[in-house]
Amino acid sequence: MSAPAIALIDCNNFYVSCERLFQPRLEGRPVVVLSNNDGCVVARSQEVRALGVKMGVPWFQIKDLARRHGIIALSSNYTLYADLSNRVMSVLAEFSPRQEIYSIDECFLDLDGFQSLQYGAYGQRIRATIKQWLGLPVCVGIGASKTLAKLANHIAKKRPEYAGVCDLTSLPTALRESLLAQIAVGEVWGVGARTAERLAVLDIASVLDLQRAAPKALRAQFGVVLERTVAELNGEACHTLESIAPPRQQIMVSRSFGSAVYDLESLQQAVTAYVTRAAEKLRRQAGLAGALQVFIRTNPFKPDAPQYQRGLIVPLAVPSDDTRQLLRAAQAGLQRIYRPGFAYQKAGIVLTELIPAAQRPRTLFDDAAAQARSHALMRTLDRINAKMGSHSLRLLGEGWDKSWRMRRERMSQGYTTNWDEIAVARTD
DNA sequence: TCTGGGGTCCTAGGACCC
DNA sequence: TCTGGGGTCCTAGGACCC
């Protein structure tokens, strides 16, 4: 009987690695990828980390530093990252029958049954395969629980002597504990800055301290989440591997504007675009929304300017996935919360009370013919946009001028997703 | 000038009911 | 002076994640 083992494979500074794949000149140079509107740093190359640039820092705050050190900043190209992510995940799926895709650049694999191959060696094979087939660097962490696998991955990333793969299940106890004693408790999956601060007061500073802490006392002070984390650190798997992603409970689409927006019409256009996108996601998971929330807000980072923020939940008479009905609800809500005279910085919508389309409630007033027409129209819309590229067909309400559209001034191309921008090996 | 977007889970407290 | 007790449901907000 083998002990359970879970692997966490995580791409190294994924967005930067994706960009380097198609722009080899970025290799060895300090590179960051910025969030929407070129706002914050969301990915940093090793060279940038070494300069002390923190995750999430606003780009304008480090422009001086960037100039001095020749940091190259790129707008985020999510189409490219999503495509490469899909390729990484398909390759990784070959290494275990049970895979949980956890985020765009991470997945868990259940290694149960692969013990005879030696987990560490298996991890090296995974790492080498992704590097050779896709050109992307990954690290592999292996542990008896998801939390330990994450921790092992952290060690694999930070300590070169592990060559990108750390198998905590095979380390001698003394070595494992000395490693855990050197890692700050805030590195543990599920322990954020607030909790780390409160733990410090109790003299729980390292991962080893937390592993050895009394679970019941922690539960009383911090709740059940931290209690489970401690159990996981002790090798008791509380978080199971979810190979089938459960349907989302809410679908949100929101964006900051490229520049401030004042008039209702621009907000209406933006909200139309967001609802359109959210409805596509909703139909892709075969769901219906029972309610829609719409919200708008001014820029909270400008406290001197008049502030206004409001949201409203609009219930739908009947749960729906029809873009037109969702739009009516959103526009009605927007009308009610809009106040003139403010510089709006962001708007968004959230679809909530989601149910599977198969559970569509029946009412006395069901109009089967109208439902069939709606279904056919939405399916056609989705198909055309899937084939011709999203936004090929869209509602007039999105408008044409788009002053609210976000800034992306440093964007790379669609090397793998757009025939016109496909990567070129040589031009002569 | 310039500060992302999209999620989940848990808890506390109020409303309501018997 | 002195104002029940317990259960359920819902919502808002906090904390965390990538």
Side-chain angles (χ1 to χ4, degrees), chain A residues 8-15 32-44 53-64 66 73 75-78 81-82 85 100-108 146-147 150 153-154 185-199 219-229 238-239 242 245-260 270 274 277-278 281-282 285 291 293 295 297-305 309 311 313 315 343 345-354 406-410:
Chain A
L8 188 268
I9 297 94
D10 188 322
C11 300
N12 302 357
N13 40 65
F14 182 56
Y15 297 169
V32 295
V33 174
L34 305 177
S35 64
N36 286 334
N37 280 313
D38 297 340
C40 300
V41 171
V42 292
R44 307 158 293 160
V53 174
K54 299 288 178 225
M55 186 72 168
V57 69
W59 169 236
F60 74 88
Q61 283 178 9
I62 58 161
K63 270 190 176 166
D64 264 0
S75 301
S76 38
N77 184 346
Y78 286 108
Y81 312 149
S85 172
E100 174 183 334
I101 298 171
Y102 178 66
S103 74
I104 193 164
D105 71 334
E106 281 175 73
C107 87
F108 292 104
K146 282 182 168 178
T147 304
K150 287 280 256 184
N153 193 284
H154 173 84
V185 72
E187 300 293 341
V188 173
W189 190 42
V191 178
R194 304 297 299 266
T195 304
E197 226 171 83
R198 290 172 59 202
L199 285 169
R219 176 173 185 144
Q221 266 199 63
F222 295 86
V224 65
V225 176
L226 192 66
E227 185 191 27
R228 282 204 278 262
T229 295
C238 303
H239 302 293
E242 314 270 356
R248 300 264 172 246
Q249 296 176 32
Q250 60 173 49
I251 294 171
M252 165 156 43
V253 177
S254 73
R255 296 278 183 282
S256 299
F257 303 132
S259 54
Y274 304 162
R277 175 86 188 100
K281 289 195 204 175
L282 179 65
Q285 76 167 29
Q293 179 181 6
F295 64 88
R297 71 159 157 83
T298 53
N299 189 344
F301 292 106
K302 289 183 172 170
D304 296 338
Q309 153 173 15
I313 296 174
Q345 180 245 0
K346 182 176 187 169
I349 65 110
V350 191
L351 303 181
T352 56
E353 294 177 33
L354 305 188
M406 51 188 190
R407 282 188 305 276
R408 295 156 112 185
E409 289 165 1
R410 306 153 173 273

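Every chain is numbered from 1, with letters handed out A, B, ... down the list of sequences.
In this structure, the CG atom of A:L226 is 10 Å from the P atom of C:dC16, given to the nearest Å. The distance from atom CZ of A:R219 to atom C1' of B:dC9 is 14 Å, rounded to the nearest whole Å. Taking atom CG of residue A:N77 and atom C1' of nucleotide B:dG4, one finds them 16 Å apart after rounding to whole Å. Here B:dG6 presents its P atom at 15 Å from CG of A:L282, a figure rounded to the nearest Å. Atom CZ in A:F222 sits roughly 18 Å away from atom P in B:dC10 (whole-Å rounding). Rounded to whole Å, the distance from CG on A:L354 to C1' on B:dG7 is 12 Å. Rounding to whole angstrom units, CD of residue A:Q221 and C1' of B:dC10 are separated by 17 Å. Computed from coordinates, the A:I251 CD1 to B:dG5 P distance equals 18 Å when rounded to whole Å.
Between B:dG6, B:dC10, B:dT8, one nucleotide has an atom nearer to the side chain of A:M252 than all others, and that is B:dG6. With B:dC9, B:dG4, C:dC18 as the choices, the nucleotide that has an atom nearest any side-chain atom of A:Y102 turns out to be C:dC18. Considering only side-chain atoms of A:S254, the nucleotide from B:dT3, B:dT8, B:dG5 that sits closest is B:dG5. In this structure, the nucleotide among C:dC18, B:dT11, B:dT3 sitting nearest to the side chain of A:Q61 is B:dT3. The A:V42 side chain lies nearest to B:dG4 when the options are C:dC17, B:dC2, B:dG4. Comparing atom distances between the A:N36 side chain and each of C:dC18, B:dG5, C:dA15 picks out B:dG5 as nearest. The side chain of A:R248 lies closest to B:dT8, out of B:dT8, C:dC18, B:dC10. Closest contact between the side chain of A:Q249 and the listed nucleotides C:dC18, B:dC9, B:dG4 involves B:dC9. When distances are taken from the side chain of A:R407 to each of B:dT8, C:dC16, B:dC2, the shortest belongs to B:dC2. The side chain of A:F60 lies closest to B:dT3, out of B:dT3, B:dC10, B:dG6.
Distance check, rounded to the nearest 0.5 Å: CD of A:E353 to CD1 of A:I313 gives 7.5 Å. Here A:L34 contributes atom CG and A:C40 contributes atom SG; the two are 8.5 Å apart, rounded to the nearest 0.5 Å. With rounding to the nearest 0.5 Å, the separation of CG in A:N36 from OG in A:S75 is 9.0 Å.
Nucleic acid contact for A:V191: sugar-phosphate only, since backbone atoms but no base atoms lie under 4.0 Å from a heavy atom of the residue. Looking at heavy-atom distances under 4.0 Å, A:D105 makes contact with sugar-phosphate atoms alone, never a base. Within the 4.0 angstrom heavy-atom criterion, only backbone atoms of the sugar-phosphate kind lie near A:V188; the bases stay farther away.
At distances below 3.5 Å, not a single donor-acceptor pair connects side-chain atoms of A:D10 with backbone N or O atoms of A:E106. A:Q250 contributes no side-chain N or O that, together with a main-chain N or O of A:T352, makes up a donor-acceptor pair within less than 3.5 Å.
For A:K281 and B:dG7, the shortest distance from a side-chain N or O to OP1 or OP2 is below 4.0 Å. Contact annotation: A:S76 does not reach the phosphate of B:dG4 (side-chain N/O to OP1 or OP2, under 4.0 Å). When the side-chain nitrogen and oxygen atoms of A:K302 are compared with OP1 and OP2 of B:dC2, one or more of them lie within a distance under 4.0 Å. Not one side-chain nitrogen or oxygen of A:S35 sits closer than 4.0 Å to the OP1 or OP2 atom of B:dT3. Applying the 4.0 Å criterion to OP1 and OP2 of C:dC16, one finds that A:T195 has a side-chain N or O inside that range. Side-chain N/O atoms of A:K346 include one lying less than 4.0 angstrom from OP1 or OP2 on B:dG5. OP1 or OP2 of C:dC18 lies within a sub-4.0 Å distance of a side-chain N or O belonging to A:K150. At the phosphate of B:dG6, OP1 or OP2 sits under 4.0 Å from a side-chain N or O atom of A:R255. For the OP1/OP2 pair of B:dC10 and a distance below 4.0 Å, the side-chain nitrogens and oxygens of A:R228 include at least one atom meeting the criterion.
In this pair, A:W189 and A:H239 present their aromatic rings perpendicular. The plane angle is above 60°, beyond the 30 to 60° band.
Across the strands present, B:dC17 finds its partner in C:dG6; the criterion is a Watson-Crick or G-U wobble pair with both atom distances under 3.5 angstrom.
Between A:V224 and A:K63, the one whose closest nucleotide on DNA chain B sits nearer the 5' end is A:K63.
Residue A:I349 comes nearest to A:F295 through the heavy atom pair N-CE2, 4.1 Å, listed as atom of the first residue, atom of the second, then distance.
C:dG4 sits 16 Å from B:dG14 when the P atoms are compared, rounded to a whole Å.
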